[in-house]
Amino acid sequence: MSEETFDFICTGCDKMNKTVKAVKYCVDCKVYCCQTCTDMHEMFPPLAGHSFLEIGRGNQFGNQQYSLPEFPTERCCKHKGKVLDMYCEIHNEVGCYTCMAKNHKTCPEQQIFSVPDMLDKLCNISDSQQTQSRLQKMITSMTLLSESKEDRLRLLKESKDETIDEIVKYQNVLEIIIQKATELSIKEVEKAYEKVENDILQDIGTIDSIINLLEDTNCKLNKTATNRAQSFVCSKVAEKHIEEAEIEKTKQANYDNTDVKITFCTNSTLNDYIQGLQGIGDVVVTKKKKTDIYKLKGSRDISIKVANDAKTCYSEGCCLTQDNQLLVTDLVNKKVKRIDTSTMTVTDYCSLDSRPIGICCINQQEAVVACCDPNKIQYVSIEHKIMPTMKIDTPHGCYGIAMNNENLYVTDMYTSLYVYDMNGTLLRTITNNNDGNKLFSMIRHIAFNESGNKMFVGDLKKGIVCFDGKGNYLSTERFKDVDGICSDGRGNIFVGSYTMESIIQFDEDAKKIGVVGKPRNRLHVRGLRSISFHYGQNRMFVTMHNSDIMKMFELE
């Protein structure tokens, strides 16, 4: 079919994923019809007497216009066949006539409107655009949530496979006599795996269903640009779906999102009772507690130098994109570089006209960079080639940067934390606590927990300064030389100390859990500047002072 955009599209053809221009509106069916669908009315006796409105007959507002009248076509999911053409201002909700009669009978009559009759009062294009923007962001957010579940499922499968390998090796030691017990133990592993797998798949199924609903709603909203009635109705339906998605997202965020592993424990007294065994050991499903210290499995150096770098790299910031690529800043060479985390190589970079320090990914297409000399917040497109876009000049230094609830949080290296909206309007400056005392001395990077209801700010002299998600001060945890700081998305905060050359694990109340790694196998990083954590793969990325390499640590 044609890819043209029409003011009104045929309702019936749209349900068959065809975009055909509507030429009439059927008053009885309450649908827009193309010429073919109009002609089909004459073929069926029950439809033959329907009334049609045509182009150029004016509208209910008294304004002559050469287009079809604007009516909603969205059908009520509770009362099939009825159109969502009523709006309750008190509850900010659209519904059909039956919905209003049943669910809004106590609402004042003057605050229940017919959508077609009150279009000029009800419709606002900017509101529709904001709803569509929120809808797209929720789709992205729920897609990321689904991907995180897929990551957990992959880790679970890996642990299952490793456990089965251990069982098979142990089976070889015990030889033929324990063959039957081996098979029973493997079945136990599969059963344990299936139970946890079903739980995760159920979560994924729920999330994917919401994503499909949001995408379908988004598609409908895209098709209603010039039909204000349908646009309004679709916007309200979209808002309701967004609220439902937000509830599910919060539910999933508050759920025990811990990694599940299947392990196998050998039986030390196996030889004493081997004949009576029903298995060759105990299969245990364990969950990684939020207070568990991460252990170091391995590490790797990543070169961040590119051919035309004039000086040794100096990376003060790093972050992961939504597709798990790594962005790093190079202050002295004035570049932002992208690293493929599968090959651990620099695949792209762009040059800036100021020195980049902190960096934060804000969506699939963009990141923001805190720059100094001159001071600015620099937007960077990351959709294809990395390239600078919009910039916001600031009257203060810029060091760390993070985003939460559509606001940017920027530190100035010294004593202030600034809150901006996404367009660069300064909303708030945070310097003192409620008693008027200075909160910061040498402020550094910022991290939010997964739900966004807590913010942690590193300060070289003060330690970890904690806020709620709206920037209200909570507490300060004294710690030496805090520089890099990030969250693992599971209730832990990692803090990098420049002088201690180690990474410390804290809980979300900023209480110290311990040093990451075992005493003889810890993360040692000389000149640490920033850290970022990929919780899907349990990898930590660390940038260092005056170095052409950065570190990747694989944890468990």
Backbone N or O of [Y] within a donor-acceptor pair of the [X] side chain at under 3.5 Å?
| X | Y | value |
| --- | --- | --- |
| S114 | M86 | no |
| D509 | K511 | no |
| N405 | N407 | no |
| R490 | E450 | no |
| R428 | G471 | yes |
| T38 | C34 | yes |
| S475 | C466 | no |
| D199 | D203 | no |

Quick one: does [X]'s side chain get under 4.5 Å of [Y]'s, heavy atoms only?
| X | Y | result |
| --- | --- | --- |
| P72 | L84 | no |
| Y409 | I401 | no |
| I464 | T476 | no |
| V380 | E366 | no |
| Q230 | E74 | yes |
| L68 | Y32 | yes |
| V419 | L408 | no |
| Y379 | M422 | yes |

What do you reckon, is [atom1] of [X] surrounded by more than 12 foreign heavy atoms closer than 6.0 Å?
| X | atom1 | answer |
| --- | --- | --- |
| K223 | NZ | yes |
| M390 | CE | yes |
| N434 | CG | no |
| Q110 | CD | yes |

Pairing donors with acceptors under 3.5 angstrom, does anything connect the side chains of [X] and [Y]?
| X | Y | answer |
| --- | --- | --- |
| T321 | D323 | yes |
| D208 | S146 | yes |
| N92 | Y87 | yes |
| N198 | Q202 | no |
| T98 | K82 | yes |

- Evaluate side-chain contact (heavy atoms from CB on, under 4.5 Å) for I200 paired with E197, printing each intermediate quantity in order. CA-CA 5 Å; I200 297 177; E197 178 193 40; 5.9 Å; no
- So F71 and Y25, would you call those rings parallel, tilted or perpendicular, with 30° and 60° as cut-offs? parallel
Rounded to the nearest 0.5 Å, how far apart are [atom1] of [X] and [atom2] of [Y]?
| X | Y | atom1 | atom2 | answer |
| --- | --- | --- | --- | --- |
| S451 | N404 | OG | CG | 8.5 Å |
| I362 | E406 | CD1 | CD | 8.5 Å |
| T217 | L221 | OG1 | CG | 8.5 Å |
| L439 | L417 | CG | CG | 9.0 Å |
| F232 | E70 | CZ | CD | 13.0 Å |
| E477 | I493 | CD | CD1 | 12.5 Å |

- Would T415 and I443 count as a side-chain contact (heavy atoms from CB on, under 4.5 Å) if you check the C-alpha gap in whole Å, the side-chain angles of each, and the deciding distance to 0.1 Å? CA-CA 6 Å; T415 60; I443 193 171; over 6 Å; no
Does a side-chain N-to-carboxylate-O contact under 4.0 Å join [X] and [Y]?
| X | Y | value |
| --- | --- | --- |
| E150 | R154 | no |
| K512 | D507 | no |
| E93 | K236 | no |
| K240 | E243 | no |
| E508 | K454 | no |
| K220 | D216 | yes |

- Would you please indicate if the ring centroids of F456 and F506 are separated by under 6.0 Å? no
- Message: Aromatic contact between H79 and Y97, with the criterion being ring centroids under 6.0 Å apart: yes or no?
- Response: no
- Query: Looking at Y399, is R444 sitting on its ring face, NZ or CZ under 6.0 Å from the six-membered ring centre and within 45 degrees of the normal?
  - Reply: yes
- Query: N218 and I139: side-chain contact (heavy atoms from CB on, under 4.5 Å), yes or no, with the steps?
  - Reply: CA-CA 9 Å; N218 191 37; I139 290 171; 4.0 Å; yes
- Item | Worked check of ring pair (Phe, Tyr, Trp, His ring centres under 6.0 Å) between F533 and Y294 | CA-CA 12 Å; F533 189 86; Y294 280 88; 5.5 Å; yes
Least distance between heavy atoms, [X] atom then [Y] atom:
| X | Y | value |
| --- | --- | --- |
| H445 | G358 | CE1-CA, 4.2 Å |
| H396 | Y420 | NE2-OH, 2.6 Å |
| A48 | E42 | O-OE2, 3.8 Å |
| T389 | S381 | CG2-CB, 3.9 Å |
| I382 | Q364 | CG1-O, 3.8 Å |
| I242 | L214 | N-CD2, 4.3 Å |

- Pairwise ring pair (Phe, Tyr, Trp, His ring centres under 6.0 Å) hits with a residue in residues 99-123, at least two apart: H91-H104
- Taken in chain and number order and not counting sequence neighbours, the residues that satisfy side-chain hydrogen bond (donor to acceptor under 3.5 Å, both in side chains) with S235 are S128
- May I have the step-by-step check of side chain to side chain donor-acceptor pair (under 3.5 Å) for T425 and N423, ending in yes or no? CA-CA 6 Å; T425 301; N423 296 317; over 6 Å; no
- Task: Could you pull out all residues at least two apart from V31 that satisfy side chain to side chain contact (heavy atoms under 4.5 Å, CB included)?
- Result: T11, C26, C29, C33, R75
- Item | Test side-chain contact (heavy atoms from CB on, under 4.5 Å) applied to K160 and E190, step by step | CA-CA 8 Å; K160 182 203 77 164; E190 295 288 358; 3.9 Å; yes
